[in-house]
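Small disclaimer: the values here were computed from a predicted structure and weren't measured. Start at 1 with the first residue, then count along the sequence.
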Amino acid sequence: MRMRKKKNLPARMEKVSSRFVASPESRRGQWRGEFDSLALEIGCGKGQFIAGQAVRFPRTLFVGIDRVPEAVLLSLERAEQETLPNALFARGDAAHLPQWFAPGEAPRLYINFCDPWIPRKQAARRLVHRGFLTLFRDILAPGGEIFFKTDNEPLFDFALEEFPAAGYALTFVSRDWHGDPMYPGEDTETEYEHRFASEGLPIFRLTARKQEQ
């Protein structure tokens, strides 16, 4: 879904610039700072997931990344409004992550409701394609995990093949996360997840752990 252009984007960005990392490569290897852990969300959208996680886990630094400037703006404004000291945001492509994060720097990485890039010839653009997953391996800590959610079953089936091919062990798989016995009752939802679940649509979820090679 294409996000509408925002009026006065530069001025609005300036007001929340303290939470925006303009040069993420300058923090490579030093992201965690005073926090106990680090977690990334690739494709943070409007920031609902990051905001919820930041409240639940105040000793973890959450970094949201998105290519769309309007999405980054809305995430920044949400974090500012909710006064979240452990939420930062950067704009850029997932392919840049190895330049932004040192090897083994991130214990957790979240991919939520990414673009399925339905045409087969565009499969390499999917964030769960083995090409991206191999890049993510470089920045994941030993035993680090990727958490993936989607409403798109063909994309989920694709991911079930790509993760093992890229050197990950699937440790959890659910084709109906909200109806799964493992569902915790309270879980941080994205904007899309809340909408889809309220319409009775199944949410597909998996956890993949980095294996040493």
Side-chain angles (χ1 to χ4, degrees), residues 1-97 99-102 105-115 127 136 139-141 144-150 184 186-198 203 205:
M1 184 179 297
R2 188 177 298 274
M3 190 170 292
R4 293 181 180 178
K5 297 290 185 181
K6 302 299 178 184
K7 295 181 179 180
N8 305 317
L9 184 109
R12 290 171 64 179
M13 286 286 291
E14 180 63 28
K15 290 182 179 180
V16 289
S17 60
S18 63
R19 302 178 188 276
F20 179 62
V21 184
S23 302
E25 64 277 2
S26 67
R27 299 188 63 144
R28 191 172 187 264
Q30 304 175 34
W31 283 91
R32 198 176 73 180
E34 64 184 25
F35 294 98
D36 297 335
S37 190
L38 172 68
L40 317 179
E41 184 186 15
I42 303 176
C44 60
K46 298 178 182 179
Q48 179 171 308
F49 180 79
I50 288 278
Q53 289 290 88
V55 170
R56 293 180 65 194
F57 304 101
R59 293 303 306 160
T60 296
L61 175 65
F62 289 90
V63 180
I65 299 161
D66 208 294
R67 296 185 303 172
V68 181
E70 287 79 10
V72 175
L73 171 64
L74 292 176
S75 295
L76 285 163
E77 290 181 336
R78 179 190 289 270
E80 185 73 15
Q81 182 179 9
E82 298 184 19
T83 316
L84 302 174
N86 58 328
L88 297 175
F89 298 89
R91 180 189 172 195
D93 195 279
H96 298 153
L97 262 62
Q99 286 76 54
W100 294 358
F101 298 90
E105 189 169 10
R108 290 190 167 201
L109 191 155
Y110 297 91
I111 303 173
N112 294 316
F113 299 89
C114 61
D115 193 323
L127 289 177
F136 302 155
I139 67 171
L140 278 175
E145 295 178 307
I146 295 180
F147 301 83
F148 172 55
K149 290 181 184 178
T150 183
E186 292 186 6
D187 187 39
T188 304
E189 297 181 346
T190 74
E191 296 89 347
Y192 285 124
E193 181 176 5
H194 179 76
R195 190 181 79 190
F196 296 147
S198 66
I203 304 300
R205 182 186 182 276

Interatomic spacing from CD1 in Ile42 to CG in Leu109 - rounded to 0.5 Å
4.0 Å

Nearest-0.5 Å distance that lies between atom CG in Leu97 and atom CD in Glu105:
10.5 Å

Before giving the answer on side chain to side chain contact (heavy atoms under 4.5 Å, CB included), spell out for Leu74 and Arg12 the whole-Å C-alpha distance, their side-chain angles and the decisive distance to 0.1 Å.
CA-CA 10 Å; Leu74 292 176; Arg12 290 171 64 179; 4.1 Å; yes

Can you confirm whether more than 12 heavy atoms, excluding those of Arg67, are under 6.0 Å from its CZ atom?
no

Please collect all salt bridge (charged side-chain N to carboxylate O under 4.0 Å, His left out) contacts where either partner lies in residues 18-36, sequence neighbours excluded, each pair once.
Arg19-Glu80, Asp36-Arg59

When the aromatic ring centroids of Tyr110 and Phe147 are compared, is their separation below 6.0 Å?
yes

Gln48 side chain to Thr190 side chain, donor-acceptor N/O pair below 3.5 angstrom
no

If you round to the nearest 0.5 Å, how far is CZ of Phe62 from CZ of Phe89?
10.5 Å

Show your working on side chain to side chain contact (heavy atoms under 4.5 Å, CB included) between Val63 and Glu41 and close with a plain yes or no.
CA-CA 6 Å; Val63 180; Glu41 184 186 15; over 6 Å; no

Distance alone, cut at 3.5 Å: any donor-acceptor contact between the side chains of Asn112 and Glu193?
no

Run the side-chain hydrogen bond (donor to acceptor under 3.5 Å, both in side chains) test against His194 and tell me which residues pass, sequence neighbours left out.
Glu189

For Glu145, salt bridge (charged side-chain N to carboxylate O under 4.0 Å, His left out) partners two or more places apart
Arg209

Can you tell me how far OG1 of Thr150 sits from OH of Tyr192, rounded to the nearest 0.5 angstrom?
11.0 Å

Would you check, one step at a time, whether the test side chain to side chain contact (heavy atoms under 4.5 Å, CB included) holds for Phe196 with Phe113?
CA-CA 11 Å; Phe196 296 147; Phe113 299 89; 3.9 Å; yes

Would you compute the distance between atom CD1 of Ile50 and atom CG of Asp66 and round it to the nearest 0.5 angstrom?
10.5 Å

So CZ of Phe136 and CD1 of Ile111: to nearest 0.5 Å the spacing works out to 5.0 Å

Taking it one step at a time, do Arg78 and Glu82 satisfy salt bridge (charged side-chain N to carboxylate O under 4.0 Å, His left out)?
CA-CA 6 Å; Arg78 179 190 289 270; Glu82 298 184 19; 3.6 Å; yes

